[in-house]
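A quick write-up on the structure given underneath.
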Protein chains: 2
Amino acid sequence: MPNALATKTAVTCENCNLDKLCIPKGLKRSDVGDLKLVVNRNNIRQKGEAIYHAGSPFRGIVALRSGSAKLLSFDRSGNEVVVEFILPGELLGFDGVSSQRHNCTAVALETVNFCHLPTYQLEALTINNPSFHQVLLQRSCNQFDSQIQKTLLSRRSAEERVAVFLANISDRLKVRGYSELAFRLSMSREEIGNYLGIAHETVSRIVNHFQSLEIIEIKAKQLKILDKKKLLSFYQE
Amino acid sequence: MPNALATKTAVTCENCNLDKLCIPKGLKRSDVGDLKLVVNRNNIRQKGEAIYHAGSPFRGIVALRSGSAKLLSFDRSGNEVVVEFILPGELLGFDGVSSQRHNCTAVALETVNFCHLPTYQLEALTINNPSFHQVLLQRSCNQFDSQIQKTLLSRRSAEERVAVFLANISDRLKVRGYSELAFRLSMSREEIGNYLGIAHETVSRIVNHFQSLEIIEIKAKQLKILDKKKLLSFYQE
DNA sequence: CGACGCTTTGAGGAGATTCAAGACACGTGG
DNA sequence: CCACGTGTCTTGAATCTCCTCAAAGCGTCG
């Protein structure tokens, strides 16, 4: 069935508008050809549904095509801790590689569409194609890097954390071709606070403070950044 | 010169007492043979000296043989932030993989001896030996996992953080065959505080509090854990 | 339209920081 | 071997940031 449509409409890795961000980034054209043959496309989850659960066996790497998601862990009291937010073109699943079992849960923040690269294909690709594994290693180390950035941020004040958070989402959306100054914040205050390590009331207070300074404007979940420079100045000392 | 001694005394990957923790872990015997041929052994750094610097090009993966080290990043005011402490058998350098340039600095906390697996050998190994890259990917994802653990910890009180920190070092030393209940804390209060995201005065207060509760005993840098169960009870709610 | 969840806002309090000063340990040189 | 100086560690007091608890406002969706 997918093949019947392939001639005209099907999206493959080669013509995906995310190919500059997703796994194909850094791969040769011919290698992308190998990739497109083994990827499961068009997996859907609705808001609140899980993409995978903590504790479940690792089944492969996931690439978000549209929508956004959160990656969660749980402390031993069972409280959610948001480890990362995931935007289109970003990869998911590295939390399952080292023990072959996920230690995080990935949940859709809105309807998401994702591709899935199953474990056994992953191994096959590796053998035939060393540069593929190189790319994968790079991406996984990337995750490590971004966790270090988060550590740095955790030393700053609540105000700085919120400022950097908003600027960071803006930057990532820009790279993806969306507007960097007006977008939907699909996560709740609760989730933002949880991610930044501060109470949701604190998030709310700071967001409203930024509004009163005319740095941002927020209605419902729609965010406008009025002065990104000023926003960043909160972090740049 | 190393070859002349090889018959009797030289330590290679095959007879290294860290082979169950280091890169060889998870590799077949024959693969370890490939590895031992390309590793530079017996690199030394004195206390305070860097193993590599943030900003320098990535030259390969480092494996600590003896001594301990700290992995640092810097915030934009130039303050040190301790990202991780590294014990014997643990790997270093993943912070340089994704951009091919280190974004952390690694510094010896005492005299260290380490092995070095250079980039070009890394690539060669990958091509001839897929399982090797598999192991590398696993280790890098491990780093990611431990950063997530750190995030979880950053939500807890200062007391819990110190308790978990001490228990964690104890566990890691145990795996390495050292005593889990009596060891040298080679890092300063300052460095511990920096790692845990709390002031060094707070570390001092808590450590002394644990002493007064007869959970630990500390003289100079020598630590004795008198009641590990009680220590962990601080974290287990 | 009503209910539920998310967000806002206020007041009070707890935990950790900061600043400051003194104790201690270690290495150097007399 | 002891005196000295430097850096690390400890301890106390004042302060501050952020959290917790509580209640009200707003939006959204059946």
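Protein chains get the first letters and strands the later ones, always in sequence-line order, with residue 1 at the start of each.
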Is [X] near enough to [N] that one of its side-chain N or O atoms lies under 4.0 angstrom from OP1 or OP2?
X      : N      : answer
A/N208 : C/dT9  : yes
A/S204 : C/dT9  : no
A/T202 : D/dC19 : yes

Exercise for the section: Please say whether more than 12 non-hydrogen atoms of neighbouring residues, nucleotides or ligands are located less than 6.0 Å from NZ in B/K221. Expected result: yes
Fill in the blank from the handout: salt bridge (charged side-chain N to carboxylate O under 4.0 Å, His left out) pairs touching residues 210-220 of chain A, sequence neighbours excluded, are none
Round to the nearest Å and state the distance from [X] atom [atom1] to [N] atom [atom2].
X      : N      : atom1 : atom2 : result
B/K47  : D/dG7  : NZ    : P     : 13 Å
A/H209 : C/dG10 : NE2   : P     : 13 Å
A/M187 : C/dC6  : CE    : C1'   : 15 Å
A/L196 : D/dT17 : CG    : C1'   : 16 Å
A/I192 : C/dT8  : CD1   : C1'   : 14 Å
B/R156 : D/dC19 : CZ    : P     : 14 Å
A/I198 : C/dA16 : CD1   : C1'   : 17 Å
A/R155 : C/dT18 : CZ    : P     : 12 Å

Practice task
Tell whether B/E201 reaches the base of C/dC19 with its side chain through a donor-acceptor pair below 3.5 angstrom.
Solution key: yes
Practice task
For A/G197, report the nucleic acid contact type (base, sugar-phosphate, nothing); a contact means any heavy atom under 4.0 Å.
Solution key: sugar-phosphate
Practice task
Between C/dT17, D/dC19, C/dT8, spot the one nearest the side chain of B/R205, thanks.
Solution key: C/dT17
Problem - Non-hydrogen side-chain atoms of A/D95 and A/F58 separated by less than 4.5 Å - result: no
Handout entry: B/S77 (side chain) donor-acceptor with B/N79 (main chain) under 3.5 angstrom
Key = no
Handout entry: Any donor-acceptor pair under 3.5 Å from B/R176 side chain to B/P88 backbone
Key = yes
Exercise for the section: Apply salt bridge (charged side-chain N to carboxylate O under 4.0 Å, His left out) to A/E80 and list each qualifying residue two or more places apart in sequence or on a separate chain. Expected result: A/K70
Problem - 5'-most by nearest nucleotide on DNA chain D - A/I206 or B/V203 - result: B/V203
Completion exercise
Expected list for residues 210-228 of chain B near DNA chain C, using heavy atoms below 4.0 Å, is none
Practice task
Decide side-chain contact (heavy atoms from CB on, under 4.5 Å) for A/K228 and A/E180; before the verdict, give the C-alpha distance in whole Å, the side-chain angles of both, and the deciding distance to 0.1 Å.
Solution key: CA-CA 9 Å; A/K228 192 165 176 182; A/E180 64 171 319; 2.9 Å; yes
